[in-house]
Amino acid sequence: MRILVIGSGGREHALVKGLHADPQVAEIHVAPGSAAMAPLATVHPEYSQVDEPARMVELAREVAAELVVIGPEVPLVAGVADALRADGIAVFGPNKDAAQIEGSKAFAKEVMEAAGVKTARSHQLRPGASDADIEAALDNFGPQFVVKDDGLAGGKGVVVTSERAAARAHVDAVLGAGNPVLLESFLDGPEISLFCLVDGATVVPLLPAQDHKRAYDNDEGPNTGGMGAYTPLPWLGKDDVQRIVDEVCTPVAQEMVRRGTPYSGLLYAGLAWGTQGPAVVEFNCRFGDPETQAVLSLLKSPLAQALNATATGTLAELEPLQWEDGYAITVVMAAVGYPASPRKGDVIVGEGLEDPERVLHAGTEYSSGVFRSNGGRVLNILGKGETLDAARDNAYATAQGIEFAGGFVRGDIGKRAAAGEISI
Ligand code: GLY
C-alpha cells in the first residue's frame, strides 16, 4: 500500500511510525512532514499548504497514494477529504460536513442532543451581544467558568477559570475576533480521551487515555494543547469503555448517519466521568495529540490495515484490535514561553533524538547537523512498561537525557493514576 499522511507534528510522527511497521505498507509520503520523519517516509516540505484541497489532491496523484491519512483538523474542516474522495482516493478522515463535530461546538451540541448523549449545559453568545446579554449569561454559569471559542481552535480556544473577570475577558476577546462563544457548565470527574475508528455506524474503540491540559505540574498554569498522556487507564475497566461506546460514540455515529453525513475516520470523544457517568466535554474529528503517541505505541495490530478498513467502509470485517499488555506514556517537552509565545530556534541535544521508539518530534527542524526547536510542543518523549510507574520511569529517564534552552516538561504525567489517586 502507498500511503500519504497529511500533517507534521508528533501525532503524525506516531502515525508514520505505526504505518511503517505494517508489512502491507510499501511507501509512505508525508505532506509536509518533518526532517525527523525522513528515515521512515518521503517528506514533502513543498506541500505545506495542507488546508488547500487542490494541492493535496495534486500530491496524492503524484505519489499514486492508495490511502491518505489526514492528521490535523484544519484540512478536514477545509474539505481536503471531500476533494480526495471525489478524485477516487481512499481517505482516513471525515468529510467537511462531518468534521463540523469539531469545527462547530454548537453543531456538536445539536448532534448530541438528537443522539441523547450527556454533555455540559451551554449557552451561545454571538458577536454583537450586548454587555447586559453577556453579564446575564455569565450569571447562569460558575463558580467554574468554561468559555469556548466556537470556531476551530485545536483545543486552544478554551478557558477554564474560577475568575469571572477572566471569563469575561475571554468572551470579549472571542466576540471581538468575530467568533461566537459557548459558555458551558463545568463537568466534574476525571477526564478520558477515547478514540474510536468509525465507519458509518460501526465503532471500534482504541485504548482509553488521559491527557494533561495545564502547562505545569499539579494542573497549574494556562491551558495548552496537551502536555502529556498515559494509556490505558488503570482506574477504568473494559466494561466502562464499552459503556462510553454504547452511551456516547455509537449513538453519535448513528445520528451522523441519520442526518446524511456519515462519519468516516477517527472520532475523538473527550469525556469527564462524574457522578452521572460519562459526559462529553468535546468531540474532535481526528486523533488526539499527545494521547495518540502513547496509544499507538501499544497497538500490535497492523495500523495501515485498520485505517484502510475504516477508509474503505469495511471496518465491520476487521479482526479485533490487539494491544500489548502494560502501559505507555508520552511526556511533552515544550519550548520556553509555551503556550503564550514559545521561543524557536534553540539547539536540542541528547540521546534518543533519532529513535522514534523513545522520541517523536512535534515541532523541530533540522539544519547544519542539529535539531532545533520550531514550535510550542517540541518533543514527545515515550515510555512503556509493565506498570504505569515503570512506563513513567522509562519516559522520564529519556527526558532527563535531552535538553534545549528553556525546554520544560511536566514531571507528573500519569503520577496520580499510578498512585491510585483517581477513581470514578
Ligand atoms: N489532546 C488534546 C487534543 O488533541 O486536542
Side-chain angles (χ1 to χ4, degrees), residues 1-20 22 25-96 99 102-103 152 154 225 264-266 284-287 289 292-293 296 303-304 307-308 310-312 344-345 354 356 360-368 371-380:
M1 213 183 314
R2 277 183 306 279
I3 302 184
L4 170 63
V5 176
I6 296 179
S8 62
R11 166 185 50 206
E12 287 75 33
H13 199 179
L15 286 165
V16 166
K17 179 181 86 168
L19 294 168
H20 188 264
D22 186 330
V25 174
E27 258 177 55
I28 307 173
H29 295 263
V30 200
S34 72
M37 298 178 195
L40 305 175
T42 306
V43 297
H44 294 268
E46 69 284 14
Y47 281 90
S48 60
Q49 311 91 326
V50 296
D51 56 347
E52 285 184 21
R55 284 288 281 167
M56 294 301 106
V57 171
E58 183 186 308
L59 179 59
R61 280 189 191 162
E62 187 184 307
V63 302
E66 292 160 291
L67 172 68
V68 179
V69 178
I70 304 179
E73 64 276 19
V74 175
L76 291 165
V77 172
V80 169
D82 306 54
L84 289 160
R85 286 196 176 100
D87 211 58
I89 300 166
V91 185
F92 183 83
N95 274 352
K96 184 179 178 165
E102 173 167 1
L152 196 63
S264 171
L266 196 291
N284 293 310
C285 62
R286 48 160 176 96
F287 279 100
D289 191 339
T292 301
Q293 291 83 317
L296 291 187
L303 179 63
L307 303 189
N308 195 47
T310 310
T312 55
K344 295 183 181 177
E354 295 182 45
L360 297 167
H361 289 235
T364 67
E365 61 164 9
Y366 187 77
S367 59
S368 310
F371 283 107
R372 291 172 195 273
S373 58
N374 190 35
R377 292 186 289 175
V378 177
L379 299 172
N380 302 143

Taking all non-hydrogen atoms of both residues, which atom of Thr312 and which atom of Ala90 are closest, and how far apart? CG2-CB, 4.1 Å
In short, ring-ring contact (aromatic ring centres under 6.0 Å, His included) pairs touching residues 55-89 with sequence neighbours left out are none
Can you find a pair of side-chain heavy atoms, one from Cys285 and one from Pro94, that are under 4.5 Å apart? yes
Closest non-hydrogen atoms of Met56 and Leu4, given as atom of the first, atom of the second and distance, are O-CD2, 4.3 Å
If you apply the rule side-chain contact (heavy atoms from CB on, under 4.5 Å), what do you find for Leu360 with Leu379, and how did you get there? CA-CA 6 Å; Leu360 297 167; Leu379 299 172; over 6 Å; no
Show the numbers, then the answer: is there a side-chain contact (heavy atoms from CB on, under 4.5 Å) between Val74 and Val50? CA-CA 8 Å; Val74 175; Val50 296; 5.8 Å; no
In the structure I gave you, are the side-chain heavy atoms of Phe92 and Val68 within less than 4.5 Å of one another anywhere? no
Quick one, Leu266 and Arg286 - any side-chain contact, counting heavy atoms below 4.5 Å? no
Could you give all pairs that pass the side chain to side chain donor-acceptor pair (under 3.5 Å) test and reach residues 1-18, with sequence neighbours left out? none
Tell me the side chain to side chain donor-acceptor pair (under 3.5 Å) pairs involving residues 26-43, sequence neighbours left out? Glu27-His29, His29-His44
Given side chains that start at C-beta, do those of Leu76 and Val80 come closer than 4.5 Å, heavy atoms only? no
Which residue pairs pass the ring-ring contact (aromatic ring centres under 6.0 Å, His included) test with at least one member in residues 63-84, sequence neighbours excluded? none
So Ile28 and Leu40, side-chain contact (heavy atoms from CB on, under 4.5 Å) or not? Walk me through it. CA-CA 7 Å; Ile28 307 173; Leu40 305 175; 5.6 Å; no
Contact summary for Lys344 and Gly375, nearest pair of heavy atoms: CG-N, 3.9 Å
Can you tell if the side chain of Val5 reaches within under 4.5 Å of the side chain of Leu19, non-hydrogen atoms only? yes
With rounding to the nearest 0.5 Å, note down the distance linking CD in Glu73 to CG in Asp51. 11.0 Å
Those residues that, when tested against Arg61, pass salt bridge (Lys or Arg N to Asp or Glu O under 4.0 Å) (two or more places apart): Asp87
With rounding to the nearest 0.5 angstrom, report the CE to NE2 distance, Met37 to His20. 13.5 Å
Are any non-hydrogen side-chain atoms of Arg85 and Asn95 less than 4.5 angstrom apart? yes
Looking at side-chain heavy atoms only, is the closest gap between Ile6 and Val69 below 4.5 Å? no
Backbone of Asn284 reached by a side-chain donor or acceptor of Glu102 within 3.5 Å: no
Minimal non-hydrogen separation, Ala304 against Val25, with atom names: CB-CG2, 3.3 Å
Do Ile89 and Glu66 touch side chain to side chain, with heavy atoms closer than 4.5 Å? no
Listed by chain and number, what are the ring pair (Phe, Tyr, Trp, His ring centres under 6.0 Å) partners of Tyr366, not counting sequence neighbours? Phe371
If you compare all heavy atoms of Ala41 against all heavy atoms of Val16, which two are closest, and at what distance to 0.1 Å? CB-CG1, 4.0 Å
Note: Val378 and Ser373 closest approach over all heavy atoms is CG2-CB, 3.9 Å
Take Glu52 and Tyr47 through the test side chain to side chain donor-acceptor pair (under 3.5 Å) and record every step on the way to the result. CA-CA 10 Å; Glu52 285 184 21; Tyr47 281 90; over 6 Å; no
Just by modelled atom types, is the Lys96 backbone N or O under 3.5 Å from a matching donor or acceptor in the Asp82 side chain? yes
Separation of Leu67 CG from Ile3 CD1 (nearest 0.5 Å): 5.0 Å
